[in-house]
Amino acid sequence: MSDNSGLTLFLDGEEVGFTRGESIFQVSERHQKDIPTLCYDERLEAFGACRLCIVELEGARYPVASCTTKAEPGMRVTSKSGRLEMHRRVLLEMVVSENREVDVNELAGYASQEMTTLVDRYDARTGRFAGGKSGTSRADDPNPFILRDYEQCISCYRCVRVCAEQEGDYAISVMNRGFDTQITTEFGGLLVDSACTFCGQCIQTCPTGALADIKALRAKDVEEPVEKTRSICPYCGVGCAVDIMTKGDRIVGIQPAMDGPANEGALCVKGQFAFDFVHHPDRLKTPFVRNDHGQLVPASWDEALDKAAAGLLAAVNEHGRHSLYAVASGRAPNEAGFLMQKLVRAGLGTSYIDNCSRA
Amino acid sequence: MSNPLKDMEKPDVIFCIGTNMTECHPVAATRLKKAIANGAKMIVADPREIGLTKLADINLQLRVGSDSALLLGMAHVIHREGLVDEGFMLDRTTEAEAFLKHIEEFTPEWASEVTGIAPELIEEAALLYGRAERGAIYYTLGITEHICGVDNVQGLCNLALMTGNIGREGTGINPMRGQNNIQGAGDVGAIPNNYPGFQAVTDPANQAKFSKAWGREIDHENGITKVRALEQAGEQIRAMFIDGENTVVTDPDREHCERALESLDFLVVCDLFMTETAEFADVVFPATGFGETDGTQTNTERRVQRLRKAVPPPGEAKPDWWIISRLAQRMNFKGFEYSGADEVFNELCSLSGTYAGLNWDRVEFGEYQWPVPEEGHPGTPRLHEDRFINGRGIFKLIRYRDPAETIDDDYPVWLTTGRRLAHYHSRTQTGRSEGLDYLRPHETLEVHPDDVAAWGASDGGWVNMSSRRGSVRIRIESTTRSPRGTVFSSFSFNDVPVNVLTGSGYDPVTDTAELKVCPVRIEPAIEPTGD
Ligand code: SF4
Ligand code: SF4
Ligand code: FES
C-alpha cells in the first residue's frame with residue numbers, strides 16, 4: 001500500500017487524499033460533492049455515457065466525465081461551476097425530452113427516481129428539445145415481472161451492464177445508435193426466450209422506470225405511502241438482505257438491499273418476486289383442532305394450546321419421555337429452533353429433536 | 001461454508017460438484033461468474049448438463065452416485081504427479097501417510113470404470129485443481145443426499161487437505177445450504193447429537209452445563225434422527241410436534257411417511273398453510289411468515305442476520321417463538337416465560353460458544369459470522385485459518401460404495417431429483433406467488449431425446465415412472481440436459497409427487513436420505529384427465 005500514501009489532488013481548492021485507481025467521482029463522493037450522475041451504478045464499471053458527472057480540470061480545454069477519469073496526483077478539479085451547471089441542465093433537458101413521462105412511480109424500482117430528481121434539481125422540465133423518441137416499448141412481452149417501456153429509455157445501458165457484469169447472464173444488449181438505440185434480447189424476442197433469469201437487477205438499476213417492477217406497480221393506485229423494512233429473503237441459504245416495501249398492512253414489493261452483506265444488492269427471481277404467498281387467502285388464520293368427527297375445525301388459541309399440551313403429555317405419561325419427538329424447521333427463525341430443542345431437553349430431558357436437513 | 005461468500009470471487013480454480021448453483025443459489029453463482037470473468041478456471045462435476053456446465057472449462061458428467069470414485073481418482077493423480085502440499089500435510093494434518101498409500105490403488109482408469117468419465121478428463125481435472133494457487137470447492141445436496149454422503153464430503157476434504165486449499169482467501173470446502181435457516185437450525189441445537197453451538201450431548205461437561213441452566217437432568221445419550229423417529233412411529237414414538245416442514249412431500253418414500261404420521265397417537269403441526277402434512281395433525285397452529293415477525297436467521301456463510309416485521313400477520317397467526325413457548329408453559333415446563341424474540345435469542349447466545357459474543361443488538365446489521373467467542377470479537381469470516389477446530393485435519397480412508405439400489409432389468413433407468421430456479425421445495429410459497437408459474441407451470445421429466453425415442457414416448461407426452469416403492473405419471477421434456485439413461489425431475493409439484501419413488505436408502509452415519517439416486521422403469525402412458 002506504500003505507493004498509495006500521500007497521493008493528493010485539489011478538489012474545489014481543498015487538498016484531499018486518494019487511493020490509486022480511484023476515479024475523480026469516487027473521490028468527490030467521499031467529500032460529499034454531490035455530483036449528478038445517470039449512467040453510474042457503483043457496482044458496475046464506470047461507463048461515461050450520460051456526461052452529467054462532468055467536472056473541470058485545470059489545463060483541460062473541455063470538462064471531463066468524472067466517473068471515467070482516474071484521479072491523478074496534483075490534479076486541480078472543479079466539481080461545481082456556472083458553466084458545469086449549465087451544461088448539466090442542457091444535457092438533462094435533452095435526455096428528458098425523449099421520454100414520454102418525467103414522473104415515475106417509486107414502486108417501479110430502486111433507482112427509478114434518479115432522473116426525475118435531477119430534472120427537478122436542475123429545473124429541466126422545459127420541453128425545449130421535444131420531438132425525439134427513445135425506443136420502442138415491448139408491450140407484447142407478457143412476462144409478469146418486468147415492464148419493458150423503452151420509450152422511457154435514456155440509453156445509459158445500466159440494465160445491459162448489470163445483466164452482464166453483475167449477473168453474468170448477458171440476456172440483453174444494445175442495438176443501433178442515436179435515436180434508434182434499442183435495448184433488446186439476442187433475437188429481439190421475449191425475455192422468457194432469452195438467457196434472462198428474471199433476477200430483476202435491470203429493473204432496480206434503471207434510473208427512469210423504463211424497466212419497471214410489474215408486480216410492485218400493481219399497488220400504484222393504493223393511497224398509502226411506501227414504507228421499507230429491512231429483512232432477509234425467506235428462500236435459500238445465501239441470505240440476501242431485502243427491503244420489504246409496504247403500503248399500509250400489505251407487502252407490495254421487494255427491493256434488494258444494496259448494502260446487504262451477503263448479496264450486495266443482488267437478488268434472484270424468488271427473492272425478488274415470490275412474496276405474494278404472505279397475503280394468500282390460503283394462509284392459516286386461526287388454530288385448528290380435530291373434532292370428534294375427525295375433522296379439522298377452527299379453534300381458539302386457548303382451546304388449541306390446551307388440546308395440544310394434553311395430547312402430547314398423554315403420550316409422555318403413558319409411553320415415557322422418549323415417546324415424544326420434535327421436528328424443527330429449517331425455514332423458521334433461530335428462536336423457533338432454539339425453543340423446539342429446549343422443549344424436549346428442558347421439558348423432558350431428551351434429545352429427541354431434529355430438523356429437516358436430512359431430506 | 002468454510003469461507004465467506006465474498007471469497008467466491010477470489011479462487012483461481014473452482015471445483016463445483018453436486019451443485020446446480022445457478023438455479024438453487026443464483027446470487028452465489030453470480031460471484032463465481034465474476035471469478036471466471038477475472039480468469040478463474042472451473043471444473044464442474046454433475047450427472048446432468050446444468051447451468052454451470054456452460055461456464056466450465058472441464059465438465060465431468062459422472063454417473064449418478066459415483067462421486068466418491070471420482071474424488072479418489074483425482075486424489076490419486078494429484079499424489080502421483082507430486083502436487084501435494086507437503087508442508088501443509090506435515091504441519092496441519094494426520095493420517096497423511098496412510099492416505100497417500102490408500103489412494104495408490106484408485107487409478108483414473110479405475111475411476112473411469114465407475115463414473116463413466118474418460119480417464120484423461122479425470123487426470124486433467126486433478127491437475128487443474130492440484131496446481132491451483134487458490135482452489136475452492138463448492139457442493140450441495142448432490143454430494144450429501146446419498147447413502148455415501150459422508151464419504152463424499154470426506155473425499156472432498158481429503159482433496160483440500162492434500163493440496164492445502166483451506167484456511168485462506170478464495171479456497172475452502174463450501175457446502176451451500178439449501179434452506180434460508182437450515183444452518184441456524186443446526187446452530188441452535190435442533191439436532192439429536194448437539195446442544196446449541198455444536199456442544200456434544202454425550203460430553204458430561206455439556207450435560208452438566210445445560211442441566212444446570214434448565215434445572216433438570218438431561219440424557220447422556222444422543223437422541224434419534226427424524227428418519228429413525230418416523231420408522232418408530234406408532235411404536236416407541238407416539239406423538240410428534242412438527243414445525244414448518246411439509247414432511248409428507250419433501251421426505252423420501254411418501255407412503256411410508258404417511259403411514260408413520262397416521263400411526264401416531266397425537267400430532268401437532270405448526271405452519272403457514274394447511275399443508276399435506278398438517279392434514280394429518282390433531283392440532284394445527286398458524287405461524288407468522290416472511291415480513292411478519294422479528295427474529296434472527298443464519299445463512300450459509302454462518303452470518304447471523306435480523307428478520308424484521310413489516311406487516312401484521314393474517315388473523316390470529318403468531319410467531320413460532322410464542323407458539324412453542326406457550327405450548328411448553330401449558331405442558332408445565334419451566335423456563336418458557338418469554339415476552340419477545342430478543343429474549344430467546346439472548347438466551348441462545350448465553351449458552352452457545354459460537355454465538356457467545358453476540359446479542360440481539362449486536363446482530364442488527366448482520367456483520368457477524370460465527371464463531372464469535374466473546375464480546376468484542378470481530379467474528380470469523382474464514383474458518384481454519386491457523387488451525388482446525390480439533391487441532392489437525394484428518395484424512396479419511398474412504399472407498400467407493402454402490403448406491404442402495406442400482407439399475408437392473410426391472411428398473412433400468414437412473415432417476416435423480418433436484419430443484420428448479422422458479423420454485424422452492426413443495427411450492428407452498430412460490431406456487432402461491434403470482435408469476436412464478438409463468439416460468440414453470442408444471443413438472444416435467446427431463447429425458448435425453450434418444451431415450452424418448454427408444455422408449456416409444458414423445459416430447460410433451462406422458463409416461464408412468466415406477467420404482468420399487470411406487471409410481472407417478474409425468475410429462476416428458478426431451479432435452480440433452482439429461483444424459484442417456486438418466487432422467488431428472490424436481491419434487492416441487494404436488495400432482496407429480498416424485499418422493500413416492502425415492503427412499504431406497506440412508507447414509508449410515510447421518511441418516512440422510514438417498515434422494516439423488518433411484519432406479520426407475522418408464523413406460524408410455526395416456527394423459528391424465530383432470531378432475
Ligand atoms: S432480469 Fe436479470 S437476467 Fe433478465 S435482463 Fe434483467 S438483469 Fe438480465
Ligand atoms: S434472493 Fe435468491 S439467492 Fe438470495 S437468498 Fe433469496 S433465494 Fe437465495
Ligand atoms: S455518470 Fe459519469 S458519464 Fe454518466
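Here is the naming used below: chain letters follow the sequence lines, and residue numbers restart at 1 for every chain.
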[X] versus chain B, heavy atoms under 4.5 Å apart: side chain, backbone, both or neither?
X: Asp243(A); answer: neither
X: Cys233(A); answer: backbone
X: His322(A); answer: both
X: Lys307(A); answer: both
X: Leu305(A); answer: both
X: Leu348(A); answer: both
X: Leu191(A); answer: neither
X: Thr286(A); answer: both
X: Glu165(A); answer: backbone
X: Val344(A); answer: neither

Are the side chain of [X] and the backbone of [Y] linked by a donor-acceptor contact shorter than 3.5 Å?
X: Asn180(B); Y: Gly237(A); value: no
X: Asp354(A); Y: Ile191(B); value: no
X: Lys342(A); Y: Gly335(B); value: yes

Tell me which of these, [options], has more heavy-atom pairs under 4.5 Å with chain A than the rest.
options: Gly315(B), Ala328(B), Gly51(B); answer: Gly315(B)
options: Ile237(B), Asp271(B), Leu32(B); answer: Ile237(B)
options: Phe365(B), Trp322(B), Phe336(B), Phe290(B); answer: Phe290(B)

Side-chain heavy atoms of [X] within contact of [Y], under 4.5 Å:
X: Lys33(B); Y: Asp169(A); value: yes
X: Trp301(A); Y: Arg326(B); value: no
X: Arg283(A); Y: Pro314(B); value: yes
X: Pro142(A); Y: Tyr438(B); value: yes
X: Val201(B); Y: Arg345(A); value: yes
X: Pro261(A); Y: Arg303(B); value: yes
X: Ser329(A); Y: Gln179(B); value: no
X: Glu303(A); Y: Val283(B); value: no

For [X] and [Y], which I'm curious about, is there any donor-acceptor pair between the side chains at under 3.5 Å?
X: Gln236(B); Y: Ser323(A); answer: no
X: Lys270(A); Y: Gln429(B); answer: no
X: Asn334(A); Y: Asp187(B); answer: no

Considering only NZ, NE, NH1 and NH2 on the basic side and carboxylate oxygens on the acidic side, decide whether [X] and [Y] come within less than 4.0 Å.
X: Arg218(A); Y: Glu434(B); value: yes
X: Arg321(A); Y: Asp219(B); value: yes
X: Glu264(A); Y: Lys6(B); value: no
X: Glu167(A); Y: Lys34(B); value: no
X: Arg330(B); Y: Asp306(A); value: yes

Quick one: CZ on Phe338(A) to OH on Tyr355(B), what's the gap to the nearest 0.5 Å?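 Those atoms lie 11.5 Å apart.
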Among [options], single out the residue with the greatest number of heavy-atom pairs under 4.5 Å to chain B.
options: Thr350(A), Asn291(A), Leu343(A), Val289(A); result: Leu343(A)
options: Asp282(A), Val269(A), Ile244(A); result: Asp282(A)
options: Leu296(A), Leu324(A), Leu284(A); result: Leu284(A)
options: Ala299(A), Gly239(A), Pro333(A); result: Pro333(A)
options: Tyr352(A), Tyr325(A), Phe288(A); result: Tyr325(A)
options: Ala314(A), Gly168(A), Ser231(A), Cys199(A); result: Ser231(A)

Is chain A contacted by the side chain of [X], its backbone, both, or neither, given a heavy-atom distance below 4.5 Å?
X: Ala37(B); value: neither
X: Lys318(B); value: both
X: Glu292(B); value: side chain
X: Tyr195(B); value: both
X: Leu351(B); value: side chain
X: Arg216(B); value: side chain
X: Ala233(B); value: neither
X: Phe241(B); value: both

Applying side-chain hydrogen bond (donor to acceptor under 3.5 Å, both in side chains) to Glu335(A) and Thr296(B), what does each step give before you reach the verdict? CA-CA 7 Å; Glu335(A) 294 70 29; Thr296(B) 64; 2.8 Å; yes
Which atom pair, heavy atoms only, marks the closest approach of [X] to [Y]?
X: Ala315(A); Y: Arg238(B); result: CB-CB, 3.9 Å
X: Leu312(A); Y: Met240(B); result: CD2-O, 4.0 Å
X: Gly337(A); Y: Val188(B); result: C-CG2, 3.5 Å
X: Val268(B); Y: Ala308(A); result: CG2-CB, 3.9 Å
X: Ala274(A); Y: Ser433(B); result: C-OG, 3.3 Å
X: Cys236(A); Y: Cys24(B); result: CB-O, 3.6 Å

Filter on ring pair (Phe, Tyr, Trp, His ring centres under 6.0 Å), then keep only pairs touching residues 259-281 of chain A, sequence neighbours left out; what's left?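 For residues 259-281 of chain A: Phe145(A)-Phe273(A).
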Run the side chain to side chain contact (heavy atoms under 4.5 Å, CB included) check on Thr197(A) and Leu421(B) step by step: do they pass? CA-CA 8 Å; Thr197(A) 60; Leu421(B) 173 65; 4.1 Å; yes
Which residues share a ring pair (Phe, Tyr, Trp, His ring centres under 6.0 Å) with Tyr235(A), sequence neighbours left out: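 Partners of Tyr235(A) under the ring pair (Phe, Tyr, Trp, His ring centres under 6.0 Å) test: Tyr424(B).
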